[in-house]
Amino acid sequence: MYQKLSAIINSVSPISSKSLAKIQELVEFIDVKKGELITAVGQNNNLEYFILEGICKSFLYTPEGDDVTISFFMSGSIISPYTTRHKDGKSIINIRALTDTKIATINAEEFEQLMLEDLEIRHFGNTVLRNELMGKVQKEIALASLKGKDRLQLLRDNFPNIENLIPHSDIASYLGVTTISLSRLRTQS
């Protein structure tokens with residue numbers, strides 16, 4: 001498991017084995033079953049999450065009770081950082097495992113302390129935040145400016161094979177289309 005965690009970290013911003021060891025000392029591994037919530041709106045949550053295996057999504061509920069997918073997190077990725085998913089110590093988004101998932105967690109306050117003490121870890125953490133911001137901006141631009149077919153292609157580019165791994169209702173929600181429209185788009189492309 002530590003090798004998978006190292007690979008995730010080094011894919012974002014390579015760090016020395018000394019700095020990596022500091023992170024590994026604080027990591028705990030958890031298994032999350034398909035369909036289980038990792039965190040829910042209003043829940044106390046102070047963890048950073050690294051997806052070692054599996055797929056998760058972040059989402060919110062509409063006033064009508066429908067869920068709207070915000071992001072997907074595939075094997076080898078990092079769930080949105082703590083600082084972007086909480087307010088006053090409570091989660092502002094829901095995160096659910098879409099498949100059985102193996103996750104490495106680290107206490108966000110302890111990780112923040114490591115960032116203050118270690119320049120390499122600080123650079124890694126700041127790179128994760130920048131990547132998160134860029135991903136959100138790119139999604140907003142795509143939703144505002146691209147046709148459904150182009151948004152589907154962008155999803156395929158960013159999340160290869162995802163259509164064969166998770167429910168199409170989650171994909172449609174992420175793309176801002178109905179499941180019927182998604183079916184048509186898939187047929188056309």
Side-chain angles (χ1 to χ4, degrees), residues 1-40 43 45-59 69-86 91-139 142 154-166 170-171 174:
M1 291 295 175
Y2 287 110
Q3 285 182 326
K4 289 182 180 186
L5 176 63
S6 300
I8 293 169
I9 291 169
N10 285 313
S11 73
V12 172
S13 177
I15 65 174
S16 67
S17 57
K18 181 180 175 184
S19 294
L20 190 57
K22 293 177 186 178
I23 294 172
Q24 290 176 340
E25 285 178 23
L26 301 176
V27 166
E28 292 185 22
F29 298 101
I30 60 172
D31 291 323
V32 182
K33 294 288 182 199
K34 177 181 177 178
E36 285 183 16
L37 281 175
I38 295 167
T39 188
Q43 180 183 56
N45 182 281
N46 66 339
L47 297 174
E48 302 288 2
Y49 299 97
F50 300 82
I51 306 297
L52 306 175
E53 295 174 13
I55 304 172
C56 298
K57 74 170 186 172
S58 60
F59 68 101
T69 302
I70 299 168
S71 297
F72 293 115
F73 305 99
M74 309 291 281
S75 295
S77 68
I78 301 169
I79 287 181
S80 303
Y82 169 77
T83 57
T84 67
R85 356 174 229 99
H86 90 285
S91 182
I92 59 172
I93 60 172
N94 303 297
I95 301 172
R96 172 174 286 136
L98 297 176
T99 64
D100 287 346
T101 307
K102 293 188 182 307
I103 299 175
T105 67
I106 188 169
N107 179 287
E109 291 169 3
E110 292 174 356
F111 184 75
E112 189 173 326
Q113 188 60 42
L114 284 181
M115 287 178 63
L116 294 173
E117 297 168 359
D118 187 302
L119 188 60
E120 289 181 339
I121 294 173
R122 181 181 318 144
H123 181 70
F124 164 75
N126 288 335
T127 301
V128 169
L129 280 171
R130 269 193 308 279
N131 291 348
E132 177 74 8
L133 177 60
M134 285 304 301
K136 299 275 187 225
V137 168
Q138 289 172 347
K139 183 181 179 201
L154 187 60
L155 172 96
R156 288 172 172 166
D157 293 344
N158 290 333
F159 305 104
N161 200 36
I162 196 167
E163 292 170 87
N164 299 320
L165 303 172
I166 66 168
D170 291 322
I171 294 170
Y174 176 82

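All residue numbers in this chain count up from 1 along the given sequence.
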Least distance between heavy atoms, [X] atom then [Y] atom:
X: Ala97; Y: Ile38; value: N-CD1, 4.3 Å
X: Val128; Y: Pro81; value: CG1-CG, 3.6 Å
X: Pro160; Y: Met74; value: O-CE, 4.2 Å
X: Val27; Y: Ala104; value: CG1-CB, 3.8 Å
X: Ile51; Y: Ile79; value: CD1-CD1, 3.6 Å
X: Gly54; Y: Thr99; value: CA-OG1, 3.2 Å

Test item: [X] and [Y] side chains (from C-beta on) under 4.5 Å apart, heavy atoms:
X: Phe72; Y: Leu155; result: yes
X: Tyr174; Y: Lys139; result: yes
X: Ser6; Y: Gln24; result: yes
X: Ile171; Y: Phe159; result: no

Just by distance, do the side chain of [X] and the backbone of [Y] share a donor-acceptor pair under 3.5 Å?
X: Asn10; Y: Ile15; answer: yes
X: Arg85; Y: Ile93; answer: no
X: Arg96; Y: Lys57; answer: no
X: Thr39; Y: Asn94; answer: no
X: Ser91; Y: Gln43; answer: no

Inter-residue atom distance [X].[atom1] - [Y].[atom2], 0.5 Å rounding:
X: Leu114; Y: Phe124; atom1: CG; atom2: CZ; answer: 11.0 Å
X: Ile103; Y: Phe73; atom1: CD1; atom2: CZ; answer: 10.5 Å
X: Thr127; Y: Ile9; atom1: OG1; atom2: CD1; answer: 12.0 Å
X: Ile106; Y: Glu109; atom1: CD1; atom2: CD; answer: 12.0 Å
X: Asn46; Y: Tyr82; atom1: CG; atom2: OH; answer: 6.0 Å
X: Leu52; Y: Met1; atom1: CG; atom2: CE; answer: 6.0 Å

Handout entry: Sidechain N-carboxylate O distance under 4.0 Å for Asp100, Lys34
Key = no
Exercise for the section: Examine the side chains of Glu132 and Ser71 and answer whether a donor and an acceptor come within less than 3.5 Å of each other. Expected result: no
Exercise for the section: Carefully, step by step, assess Leu47 and Glu28 under the rule side-chain contact (heavy atoms from CB on, under 4.5 Å). Expected result: CA-CA 10 Å; Leu47 297 174; Glu28 292 185 22; over 6 Å; no
Exercise for the section: Any pair with a residue in residues 115-131 that passes salt bridge (charged side-chain N to carboxylate O under 4.0 Å, His left out), sequence neighbours left out, goes on the list, sorted by first then second residue, please. Expected result: Lys22-Asp118
Practice task
Assess whether atom CD of Glu53 is packed by more than 12 heavy atoms of other residues, nucleotides or ligands within 6.0 Å.
Solution key: yes
